[in-house]
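Below: one structure, written as structure tokens.
Values in this document were obtained by computation on a predicted structure and should not be read as measured data.
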Amino acid sequence: MKASSKHLKLLVITSVATAIIPLTSLAEDKVAIQIQQYKENDDRIKVLDGKLSIEHDFGPNHTLSGEYDWDSISGASPTWDSITGASSETASDAFTGASACVPEEGENYYDYCRNTRLINGVVGDGDTDLDNFVYHNVPLKDHRDSLAFLYTYRTPTMRNELSIGASYSKENDFENTGLSVEYLMYTDRSKNRSITAGVAYMKNEVYDYLGEKDEHGEYSLGGQWHNFDLINGQVGITQVFDANTIAKFSAYYMVEEGHLSNPYFNVVRRINVIDSSSDEYTTADIYPKYYLARDSRPDQRKAGGISIQTAKSLNENTTWHTSYRFYQDSWGVQSHTLESKSYHNITDNVRFSPVLRLYTQSEANFFKAHDAVDNIFSETGYATADDRLGNFNAWTGQLGLEYLESKKLTWNIVLGYQEQSTGLTFAWVNFGAQYRY
Amino acid sequence: MKQSMKIKLLLVVCCFACSACSIVPVKSWQKATLAGETMRFGGPNPMIKKFDEHIYTSKEGSKGGGGVSGGGCGCN
């Protein structure tokens, strides 16, 4: 009798505890630090990144979390350039003061050259020989600091959650301010199903090292800031399928508007110029000339897709997560992402977590790969040679190891590697600790 | 090659979806496993997931689907 009463009491406590804890996010006080070192092949980008986060409950209904992130980026990023290395030094021949739009080459040519400079974001003065352009690494260095806060309120009875987030991030050439609101609502008393709806707004400012063009088409020194905004909406359903399986189905939609061209990327445009001092020129006076030009993208990008995430406990020591995401945007990029991650308790204190991720993407409709047969853009139209908007596949592997030193303290190390069909490979190592208090 | 990869991906997704089709009502006291930290979609340590997402959005042409909170970067 006594034993069954104790059993009943335990059952009630367990039931209440598990009912109170929402399945999608467990509230607990914790502080965590994580450091990441990231490196790309071919002496490209290197990043040292650190995150410090704290999460604290104020009673059963309120949770506040804050995160500080700092990272240092160095190395180089590949882009089209003239063989003189103009963009690595000044990003533009125009900065050197050199002006090849000389009248000696013909009055019409001079006018055409000037006019050309006023359109298409042409930098430099062009060359008749394509061999004088090269796709190579241009050095860069940057530092980023960011802060993010998230406040969550839970309703006392149903434990529905309202989360409000704010974030700020600053780099030398980029500034981001974000706000987000998300609501999670349980649809049944057993909390086996919940609906999530959220919206976020981000205001971004990106620095362009070139200033405005003057009436001669020359870029002024000093640079300028451009804006672009992002609105992101997402709805999802989380469903418990059985005592060991849970899944989340989401649909998302986002709109980016403003200056979406990348100020660090160039393309090469081919322009037919007229080399004649008289108005009565013949076809012999027309010849192609190649110009270094700015990366040029539409001012709006609409994107959307769906994602599915599942988590299944295979046994008391193994949990398997899978996810799939479909993405499509108005630039013509379509992607599929499939990921598998599992957690294996090797001992009571050691947890192993391998990840395999497959990714495939189609190219934007204004992309030309630098190494393609047709890699030169025409006089007009949007243009980019940024491989991230190209057609490629990638696979990612990760190995994670956690050491649960106590119920409060956990150490972790993660090794990651990605290989893209573009030839880009990169590896990273994360290490950190999480302390529950 | 690319088309066949897409078909394979879709097949795998369909398998996942079908394997999770049956819904068994779960009572509160049966949720000890579901409440475990490794069952969370963000994992036991959400910061690791954030690092991963940061890398992927920096080096790939697509993003989204992982929630609405969080900041951005000018990742060149």
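- Contact tally against chain A (heavy-atom pairs below 4.5 Å) for V24(B), T33(B), T38(B): the top residue is T38(B).
- Side-chain contact annotation: Q36(A) with Q34(A), donor-acceptor N/O pair under 3.5 Å absent.
- With a 4.5 angstrom heavy-atom cutoff, T319(A) touches chain B only via side-chain atoms.
- Counting only N and O atoms by type, the side chains of T177(A) and K203(A) include no donor and acceptor under 3.5 Å apart.
- Looking at A303(A), neither its backbone nor its side chain comes within 4.5 Å of chain B, counting heavy atoms on both sides.
- Panel note: side chain E363(A), backbone V333(A); no donor-acceptor pair is recorded below 3.5 Å.
- Side-chain contact of T322(A) with T310(A): a donor-acceptor pair under 3.5 Å is present, judged by distance alone.
- If you measure heavy-atom distances from T396(A) to chain B, the contacts under 4.5 Å come from the side chain alone.
- There is no contact between V47(A) and chain B, counting heavy-atom distances below 4.5 Å.
- For S362(A) and N391(A), the side-chain atoms include no donor-acceptor pair closer than 3.5 Å.
- Taking G42(B), P44(B), P46(B) one by one and counting their heavy-atom pairs under 4.5 Å with chain A, the maximum is reached by P44(B).
- In this structure, no portion of D386(A) lies under 4.5 Å from any heavy atom of chain B.
- Side-chain rings of H336(A) and Y327(A) stay apart, their centers remaining 6.0 Å or farther from each other.
- Interface residue E256(A): only side-chain heavy atoms are found under 4.5 Å from chain B.
- Two rings, from F426(A) and Y38(A), have their centers less than 6.0 Å apart.
- The parts of D49(A) that come within reach of chain B are both its backbone and its side chain, each placing non-hydrogen atoms under 4.5 angstrom from that chain.
- A side-chain donor-acceptor contact under 3.5 Å links Y264(A) and D173(A).
- Only the side chain of L230(A) comes within contact range of chain B, judged by heavy atoms closer than 4.5 Å.
- Between chain B and the residues Q309(A), H321(A), R357(A), the most heavy-atom pairs under 4.5 angstrom are made by R357(A).
- Using a 4.5 Å cut-off between heavy atoms, W331(A) makes no contact with chain B at all.
- Side-chain contact between D387(A) and L424(A): absent, with no pair of heavy atoms (C-beta onward) separated by less than 4.5 Å.
- Using a 4.5 Å cut-off between heavy atoms, V355(A) does not touch chain B at all.
- Looking at Q328(A), neither its backbone nor its side chain comes within 4.5 Å of chain B, counting heavy atoms on both sides.
- Your options are E316(A), E402(A), Q398(A), K341(A), and the one with the most heavy-atom pairs under 4.5 Å with chain B is Q398(A).
- Aromatic rings from Y359(A) and F392(A) are positioned such that their centres are separated by under 6.0 Å.
- Looking at R189(A), neither its backbone nor its side chain comes within 4.5 Å of chain B, counting heavy atoms on both sides.
- Ranked by non-hydrogen atom pairs under 4.5 Å with chain B, the options Q239(A), R193(A), R351(A), K170(A) are led by R351(A).
- K31(B) and N192(A) share a donor-acceptor pair across their side chains, judged by distance under 3.5 Å alone.
- Under the side-chain contact (heavy atoms from CB on, under 4.5 Å) rule, M254(A) has a single partner from D329(A), N232(A), I231(A), which is N232(A).
- The contact between Q418(A) and chain B is made entirely by side chain atoms (from C-beta outward), counting heavy-atom distances below 4.5 Å.
- Listed options K51(A), Q434(A), K312(A) were ranked by heavy-atom pairs under 4.5 angstrom with chain B; first place goes to K51(A).
- Neither the backbone nor the side chain of V206(A) comes within contact range of chain B; no heavy atom of the residue lies under 4.5 Å from a heavy atom of that chain.
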